[in-house]
Number of protein chains: 2
Amino acid sequence: MRKPTLQDVARAAGVSYATADRVLNARGNVAEKSTRRVLQAIETLGYERDLHAANLSRGRIYHFRFLLPGGDHSFFRALRQAVEAEASLRRIDRIRFSLTEVPTLDSDALARALEELPRDCDAVAVVATETPRISAAIAALSAAHIPVVTLVGDAAADIRAAYVGIDNIIAGRTAGRLMRIAHMARPATDPGLILPIIGAMSARDHRDRLMGAKAVLDGSGQQLLEAVVVDDRHDLMRQRVTAALAKTPAISGIYSIGAGNRGLIDILARISGPRPFVIMHDLTPTTRAGLESGLVDAVIDQKPAQEIALAVDVMKALADGRELPDPARDITPTIYVKDNLPAALPLTAPAPLAAGETP
Amino acid sequence: MRKPTLQDVARAAGVSYATADRVLNARGNVAEKSTRRVLQAIETLGYERDLHAANLSRGRIYHFRFLLPGGDHSFFRALRQAVEAEASLRRIDRIRFSLTEVPTLDSDALARALEELPRDCDAVAVVATETPRISAAIAALSAAHIPVVTLVGDAAADIRAAYVGIDNIIAGRTAGRLMRIAHMARPATDPGLILPIIGAMSARDHRDRLMGAKAVLDGSGQQLLEAVVVDDRHDLMRQRVTAALAKTPAISGIYSIGAGNRGLIDILARISGPRPFVIMHDLTPTTRAGLESGLVDAVIDQKPAQEIALAVDVMKALADGRELPDPARDITPTIYVKDNLPAALPLTAPAPLAAGETP
DNA sequence: GAGGGAATGATATACGTCAATCATTTTCTG
DNA sequence: CAGAAAATGATTGACGTATATCATTCCCTC
């Protein structure tokens, strides 16, 4: 009862191995009748090509390229580290990675990087924004049979092969929901004031989050103040949020949509008396410390490591022409509170392997 | 710059392929000097055995056995479905699964199943409870070089090879934290009453969750009432929780620790006026509907599909004698609210493959 | 029914490893 | 130093597929 091989298929179809191979690999010069008989045999035997044997024979090594924003923002650093981690895990699967850093928030630089990308790879993953030039570059890659997976931020849906990342409107809605929960016991006469803090209004993901939060808070009674813009910078965060708190002392909730949270935590630490309910994005050393110290109440995370792992699974499936992996492993915004932070410890120590011992 | 093969290693070590093979596969009859030179060559060349070629040569097919509770509890059904899903995904990796259903909550039956388990597999995954007989059975399997991975519930940590699942104390703490957040705006004179509902006090996971919640709520002002025990049954849930609500109308929060939530949702739907803040466990059709309708405020989930996927990764790594996979993909209790529910839709439709087209 | 192109079969080599055999060389022991 | 034991080298046939070559057979057309 072992798995059928192509030999078995050929025998069952009453043709030679060579013909079965010609059908399987679409080499042409096969009579329609033979093609049908081979496909029929594949069907009835439940034949599946042994990918590992095939790749071994071809000497194939997968090559996946990542185009990720550089710079020292914690989130992108985490993404890049996740790529390194996957690289060492997947070497065994004959997968090679290339990681190119692109200037952050520079859509022309990204477009150029995509245009100049060497066509020597099996798939590309890129943190995209939606501009015509970038869309054109992605379409060109697709035309060259290099599927493009968008990561974190999406491009036009009909061009890229798949998007792996959270929906930022949903992330914003989730934050809004937590705000409602934190405010639900307040008296109707004082439902609460919520201050959103944003990196830039031009950033699509930030706008989406704000929009999502607003949608959930509408009609809840809580008033959403005008967003403070801080350019993802700690210093501007300190300045402008301090000013906002001075102007509106009754603020009962803060939703920090982008980065620069170190500045916000400094401010929170100095507040005496009741602190507002605070939600931040992305689990970084800073936000984690904020949760642990109790200055931050919730962090909404997109699990960069899992995102990269899923992206690699998707790219592999695309390269093999297989179905895309289980959507149940899809990325949804994760809520971290003080108590469900992931451990920084390994699962369990591996059993030591004696020298020369074979698995 | 292709990957070095064992031939390359042999050449570099100045020995024949046969000797290098004898070292790599610990076949014995090799001089210590040769062993050293080969290991040295492996080191300097960075040689890694090509697992796929090796398995092809051996004709090896991995065989993993799952021992999962049967019955129609949604959570265990989800676990079993996840195994089926992995089975079809991993067939390509030459992994075969066997799934045995064991009576729920019957530790003797589980122990027997473990004792009688055919020794024809490469690893076992089991939803374990901690009894001496089960521990002994697991130890026996380990002694027979069959690593055992515990799932959902752990056994003695020094016997099993790895545990894949959430920490239920942490899950309980997370629920407690959400309760605190939902109650944080209440006046000090009326901090709130919280009703825990439990399946059975004898269930370790339920006890742990309750303990975790209690730890976080201690000192918060909210009073944790005595737990109502409902045996994970809808009918008892309806009866006893109705009674509890009648007796203590001021209940402001309900923490349902186990199953039987269909009964609870029936009750909640009938409440007119302000409803208590409700937390349940495990995303099932029932709890999902509860979230969507607004009767339930939060669900704490352990992501069974991901849990199974991680367990398979772990078993594969154990079977290959490799390091265990990235702990960053570890399982932490996930908080679902109305707005961050996972989509039931696929990631993206796969590109259609022309007849006979080769990937 | 001959000629020509299309279709098919037979066969070989390679991919990297495992597992085995057999001949040969080295090392050890008394 | 002989003889035995240990170590090594050389080689071979799997595993399932890819890819290529060459000879043969089939079918269509004129």
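In what follows, chains are A, B, ... by sequence order, proteins preceding strands, each numbered from 1.
Between the CG atom of A:Asn55 and the P atom of D:dT17 there is a distance of 12 Å, rounded to whole Å. Distance B:Gln7 CD to C:dC15 P: 10 Å, rounded to the nearest Å. Atom C1' of nucleotide D:dA7 and atom CZ of B:Arg36 are separated by 15 Å, given to the nearest angstrom. A:Arg60 places its CZ atom 16 Å from the P atom of C:dG16, with the value rounded to the nearest Å. For the pair A:Arg94 CZ and D:dA18 C1', the computed distance is 13 Å after rounding to whole Å. Rounded to whole Å, the distance from CG on A:Asp8 to P on D:dG16 is 8 Å. In this entry the distance linking CD of B:Glu32 with P of D:dA6 reads 17 Å, nearest Å. Taking atom CD1 of B:Ile61 as the reference point, atom C1' of D:dG16 lies 12 Å away to the nearest angstrom.
Proximity of A:Ser57 to the phosphate of C:dC15: no side-chain N or O atom is located under 4.0 Å from OP1 or OP2. In this structure, A:Arg49 does not reach the D:dT17 phosphate: none of its side-chain N or O atoms is under 4.0 Å from OP1 or OP2. Residue A:Asn29 places none of its side-chain N or O atoms closer than 4.0 Å to OP1 or OP2 of C:dA6.
Contact annotation for A:Leu6: backbone-only contact, meaning every heavy-atom pair under 4.0 Å involves sugar-phosphate atoms and none involves a base. Residue contacts shown for A:Asp21 include a base, since a base heavy atom lies under 4.0 Å away.
Across D:dT17, D:dT19, C:dC18, the shortest atom-to-atom separation from the side chain of A:Arg58 is found for D:dT19. In this structure, the nucleotide among D:dG9, D:dT17, C:dC18 sitting nearest to the side chain of A:Tyr17 is D:dT17. When the nucleotides C:dG16, C:dA7, D:dT17 are ranked by their closest atom to the side chain of A:Asp50, D:dT17 comes out on top. In the set C:dG16, D:dT8, D:dA18, the nucleotide with an atom closest to the side chain of A:Leu56 is C:dG16.
Nearest-nucleotide assignment on DNA chain D puts the 5′-proximal partner with B:Ser34, out of A:Leu51 and B:Ser34. In this structure, B:Gly59 and B:Val30 both approach DNA chain D, and ranking their closest nucleotides by distance from the 5' end singles out B:Val30. If you find the closest nucleotide of DNA chain C to B:Ala53 and to B:Arg27, the one lying nearer the 5' end belongs to B:Ala53.
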**Request:** Determine, for nucleotides 21-28 of chain D in 5'-to-3' order, which nucleotides have protein heavy atoms under 4.0 Å from the base (write B), from only the sugar-phosphate (write S), or from neither (write -).
**Result:** --------
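Ring geometry, B:Phe97 versus B:Phe64: the interplanar angle exceeds 60°, so the pair is classed perpendicular (tilted spans 30 to 60°).
Pairs engaging residues 133-145 of chain A under the side-chain hydrogen bond (donor to acceptor under 3.5 Å, both in side chains) rule: A:Asp108-A:Arg133, A:Glu115-A:Arg133 [sequence neighbours left out].
At a threshold of 4.0 Å, the pair B:Asp313-B:Arg90 counts as salt-bridged, since one of the basic side-chain nitrogens sits closer than that to a carboxylate oxygen. Ion pair B:Arg36/B:Glu32 flagged as a salt bridge, since at least one NZ, NE, NH1 or NH2 atom sits closer than 4.0 Å to an Asp/Glu carboxylate oxygen.
Between the CG atom in B:Leu45 and the OG1 atom in B:Thr5 there is a gap of 9.5 Å [rounded to 0.5 Å]. Taken to the nearest 0.5 Å, the CD1 atom of A:Ile166 stands 9.0 Å off from the CD1 atom of A:Ile331.
The backbone N or O of B:His63 lies less than 3.5 Å from a partner atom in the side chain of B:Asp122, making a donor-acceptor pair. Using a distance-only test at 3.5 Å, with no hydrogens or angles considered, no donor-acceptor pair links the side chain of A:Arg60 to the main chain of A:Arg94.
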